[in-house]
Amino acid sequence: MLLPLYEDASIVQQPVKLNDLATLYSTSAKTFIEENRAKTTPFFLYMAFSHVHQLCAPKNMPEQRNCQWAEKENATFPDAVSEMDWIAGNVLRSLDSTGSMNNTLVLFTSDNGPWVAEQACSGSKGPFTADWFRRKANPGCIACPHEYIPDPTEERPQRCVLPETELELDGVPCGEDTGLGSVWEANLRMPALARLPGSILPNSETDVLVSTLDVIPTFLSMIGRPLPTNLDGIDMSQAFYGKQTKVEEKRILFFWRDGFGSGPLPAPYGRFDVAAVKYGKLKAWFWTKSAHYNTDVELYHDPPLLFDVLSDPAESMPLDATNYHEEVQLIKEMVEKHKESVGETVPLCLDSDPAFLPCVDRAAGCRTVLLLLTSQRAHPLDGRKGFTNKLPGLVRIVKGRKVLRIRAGLGPRSNCMSKFSWPGHNSFQKSIDLTYNVKASFKGLEEKKKV
């Protein structure tokens, strides 16, 4: 797939020019701040960096063989961090040069921890090493980098290979794979820096439990706007100001994951369930497992496995649950209440909307294609294996003035590609794979049926 770069809803580069990406991020943010400052209007800049989720691009894509982000070849993970720091510094300098520094709240944080299986292309777990799980994990379980699969030999028990290529490398034990894709502390305990001169005390710290779910209600509170009642987060502005209320003291957070061995979803998803809960300094584990969809089997805990993650961030020494009877009972009751309040949970890649698929035709060199799904979505599960759409919809594929209309129902799929078939074809032999086989180029629009 040729990696696209979006500006609003339009693809402006495909493939994205990685060597210029940092400069483009920086200049775009600078321009946005300057334009809004000139109009004396309040502004909100959400800047999602591409830099440190994973350093290296997929090695089977010829145009992306070298590590991304830093301009020099064979860049290291610290190079990616340094470049991200350079971009963030330019944003702060833009706030300063426009006179916006003293009345602008800046929040810098992350949404997940290191992708451990990517090894040198990822970050560090620091002190969040999940020692209890590392000791208990199956030593024969191997975690491989993205798209690689385990293929161990007697000489290389951690060998991973990339299918249909000659590429191979050694993975890591599943007991070490406790970052991205898990709910161990290395994937939950994120750095968070906040600055608002005159309101947030410089160099202050807090141990209050804050979630990224709280960003919107906290921001709204800090600017004096009413809070909607349907948000999952809560107002944590007092924690930003160095204060603590009873709301923060009784805070509870639920951490869901998929990758279970059983459930209504196709493998490797299984089902979604609450794997762990945080309540103050306590973390209660109901299901322990390594990251992503590794082959280790999830382990159920009743009573839940307890850790004091403030004094034991490595999750090394479990607490005696009998000494925390009231807390355990409260956590169990809150989990059941929380799960009852949640509707269906389906992995995003299995509940995808073709309206958001980019054009990825390598041969045609296309830029973008607009897909509009006009029907109401059907419930994705119908009791059988796979997925069906009981309310076939109208898909419009638009490129310039050319319009192609397809009556389509959602057929079974074994991966995250969106496939459509015409109603009445129970064999699903006639289908359009929107990921690869619907092509649009500047020379016209081509529909390719997969027979």
Residues that Y300 engages under ring-ring contact (aromatic ring centres under 6.0 Å, His included), provided they are two or more places apart
W287
So which atom in [X] and which in [Y] form the shortest heavy-atom distance, rounded to 0.1 Å?
X	Y	answer
F286	V274	CB-O, 4.1 Å
M47	Y25	CE-O, 3.5 Å
Q158	P173	OE1-CG, 3.5 Å
A284	P304	CB-CB, 3.9 Å
V116	S122	N-OG, 4.2 Å
T295	C141	OG1-SG, 3.5 Å

Taking the side chain as C-beta and beyond, is there a heavy-atom pair between [X] and [Y] under 4.5 Å?
X	Y	result
M236	V208	yes
R156	E168	yes
Y6	V12	no
I149	C144	no
L107	L193	no
R271	D258	no
W132	S316	no
S50	L21	yes

Surrounding [atom1] of [X] (heavy atoms of other residues, nucleotides or ligands, distance under 6.0 Å), is the total greater than 12?
X	atom1	value
N230	CG	yes
K136	NZ	no
I216	CD1	no

May I ask you to say whether D296 pairs ionically with K289, meaning some side-chain N is under 4.0 Å from a carboxylate O?
yes
Looking at K125 and E185, is any side-chain nitrogen of the basic one under 4.0 Å from a carboxylate oxygen of the acidic one?
no
How far does [atom1] of [X] sit from [atom2] of [Y], to the nearest 0.5 angstrom?
X	Y	atom1	atom2	answer
I234	S221	CD1	OG	11.0 Å
S237	L220	OG	CG	11.0 Å
E333	H338	CD	NE2	15.5 Å
K339	M334	NZ	CE	14.0 Å
H146	C121	NE2	SG	12.5 Å
L282	F307	CG	CZ	11.5 Å

Spell out, as yes or no, whether a donor-acceptor pair under 3.5 Å connects the side chain of [X] to the backbone of [Y].
X	Y	result
N138	G140	yes
S28	L24	yes
R135	A130	no
D312	V309	no

May I have the step-by-step check of salt bridge (charged side-chain N to carboxylate O under 4.0 Å, His left out) for K281 and D207, ending in yes or no?
CA-CA 9 Å; K281 66 179 183 179; D207 289 329; over 6 Å; no
Run E327 and L306 through side-chain contact (heavy atoms from CB on, under 4.5 Å) and show every step you take.
CA-CA 10 Å; E327 290 87 346; L306 291 182; over 6 Å; no
Test salt bridge (charged side-chain N to carboxylate O under 4.0 Å, His left out) on E154 and R159 and set out the steps.
CA-CA 10 Å; E154 185 174 348; R159 177 174 176 260; over 6 Å; no
Aromatic plane relationship, H51 with F49 - under 30° parallel, 30 to 60° tilted, over 60° perpendicular
perpendicular
Hey, can you tell me if W115 and H292 have their rings parallel, tilted or perpendicular (30° and 60° cut-offs)?
tilted
Run the numbers on T212 and T109 for side-chain contact (heavy atoms from CB on, under 4.5 Å), then give the verdict.
CA-CA 9 Å; T212 48; T109 189; 4.3 Å; yes
Test side chain to side chain donor-acceptor pair (under 3.5 Å) on S311 and D308 and set out the steps.
CA-CA 6 Å; S311 62; D308 179 343; 3.1 Å; yes
Side chains of T218 and D214: is there a donor and an acceptor less than 3.5 Å apart?
no
Flag for S82-D85: side-chain donor and acceptor within less than 3.5 Å
no
Start with the C-alpha gap between L209 and K278, add the side-chain angles, then the distance that decides, and say whether side-chain contact (heavy atoms from CB on, under 4.5 Å) holds.
CA-CA 8 Å; L209 192 59; K278 280 191 175 185; 3.9 Å; yes
Can you list every pair that meets ring-ring contact (aromatic ring centres under 6.0 Å, His included) and has a residue in residues 166-186, with sequence neighbours left out?
F133-W184, W184-W285
Could you walk me through whether T206 and F240 pass side-chain contact (heavy atoms from CB on, under 4.5 Å), step by step?
CA-CA 8 Å; T206 179; F240 281 50; over 6 Å; no
Would a line drawn from the ring center of Y293 to the ring center of Y269 be shorter than 6.0 Å?
yes
